[in-house]
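Report on one structure; see the data block that follows.
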Amino acid sequence: MRTRTSILRAWLAAAVTAAVTAVTLTAVAAPAQAEGIPSVGRNWAAPGPYAPEVSVGAVHTLYYPQNMGARGEKHPVVIWGNGTGVLPGAYTLLLRHYASHGFIVVAANTPASNFAITMRSGIDLIENLNADPGSVFHGKVDLDRVGSAGHSQGGSGAINAAVDPRVDTVVAIQPGPLNDVDLIDEPVLFLAGQFDAIVWPFLVKGMYNDADHVPAEYAELRGATHFGTGISGGDMRAPSTAWLRYWLLDDANARAEFFGPNCGFCSDTRQFSDFKRNGLAGQIPG
């Protein structure tokens with residue numbers, strides 16, 4: 001995970017016991033708000049500070065902030081995978097929401113995203129656009145900060161996309177089963193719905209349990225169903241935004257939701273019917 005890996009390794013050596021520091025981590029330390037990206041406090045479900053733009057291409061749909069780089073900032077990337085049988089338009093308000101928070105979302109125009117081929121090619125696309133002097137993205141993309149996210153089959157695709165060394169973190173929303181968590185070395189947020197009858201919570205929890213070699217958290221949204229995630233992101237909108245804002249924008253408010261002894265989401269029984277974090281996630285300070 002590029003030079004950021006060495007930062008966390010050094011931090012862990014000073015922060016945990018010798019037995020724990022023998023474990024090699026490939027996660028990212030995120031100590032401060034990313035330069036130029038405005039804070040949003042802790043209202044993760046509310047629109048961010050940017051107006052979103054949308055560009056529909058043959059292979060990918062791009063959701064991105066208007067006036068990119070106006071403060072001299074560069075914008076992280078989120079590659080997105082759709083659920084079975086649908087295209088990015090099925091999540092349009094969620095992806096616009098991510099763009100409003102400063103992310104460039106490269107959504108794969110495929111209804112079959114499980115193996116992440118088109119998702120991963122989205123990183124190539126945005127790299128080329130960043131290098132193209134004639135592109136609105138020219139010089140405005142933070143290629144060192146890339147997340148993969150998706151819902152259902154696309155949630156499984158988000159896990160599979162993370163075998164790409166350019167991916168730094170994963171948001172797996174109600175992910176399908178065709179993936180191998182053991183192959184990735186990025187921090188992962190697993191989101192499940194309490195009343196999801198398509199991808200049962202115990203299946204998602206099994207993936208979380210298997211991710212004991214990376215910082216991982218499991219959040220089960222109270223009352224959430226599988227199809228409630230469509231269009232706006234539903235109950236998954238706020239925690240997924242917070243996770244991306246921490247790992248890709250170094251948002252200290254978002255860090256406090258997931259990490260430390262008094263993390264905000266850990267005891268939020270109103271929003272979550274179950275919330276877990278593994279030992280490696282528990283070592284990250286709030």
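- Under 3.5 Å, the side chains of Glu186 and Trp247 contain no donor-acceptor pair of N or O atoms.
- No donor-acceptor contact under 3.5 angstrom links the side chains of Ser113 and Asn82, judged on distance only.
- Residues Phe115 and Ile173 do not share a hydrophobic cluster, defined by chaining ILVMFWY side chains whose heavy atoms lie under 4.5 Å apart.
- Ser240 and Tyr98 are linked by a side-chain donor-acceptor pair at a separation below 3.5 angstrom, with hydrogens and angles left out of the test.
- Met119 and Leu87 end up in different hydrophobic clusters when Ile, Leu, Val, Met, Phe, Trp and Tyr side chains are linked at under 4.5 Å.
- Taking 4.0 Å as the cut-off between side-chain N and carboxylate O, Lys74 and Asp144 do not count as a salt-bridged pair.
- The hydrophobic clustering, which links ILVMFWY residues whose side-chain heavy atoms are closer than 4.5 Å, places Leu94 and Val56 together.
- With 3.5 Å as the limit, one finds a donor-acceptor pair spanning the side chains of Thr241 and His97.
- Under the 30°/60° scheme for interplanar angles, the aromatic rings of His75 and Tyr50 are found to stand perpendicular.
- A side chain to side chain contact (heavy atoms under 4.5 Å, CB included) with Leu125 holds for exactly one of Leu129, Asn128, Ile123; it is Leu129.
- Aromatic ring orientation, Phe265 versus Phe258: perpendicular (interplanar angle above 60°, classes split at 30° and 60°).
- Tyr91 and His151 share a donor-acceptor pair across their side chains, judged by distance under 3.5 Å alone.
- A search for side chain to side chain contact (heavy atoms under 4.5 Å, CB included) contacts involving Asp180 returns Asp182, Leu183, not counting sequence neighbours.
- Listed here is the closest heavy atom pair of Ala108 and Pro88: O-CG, 3.5 Å.
- Side-chain heavy atoms closer than 4.5 Å link hydrophobic residues (I, L, V, M, F, W, Y) into clusters, and following such links, possibly through other members, connects Ile198 to Ile159.
- Between Glu53 and Gln66, the side chains place a donor N or O and an acceptor N or O closer than 3.5 Å (distance only, hydrogens not considered).
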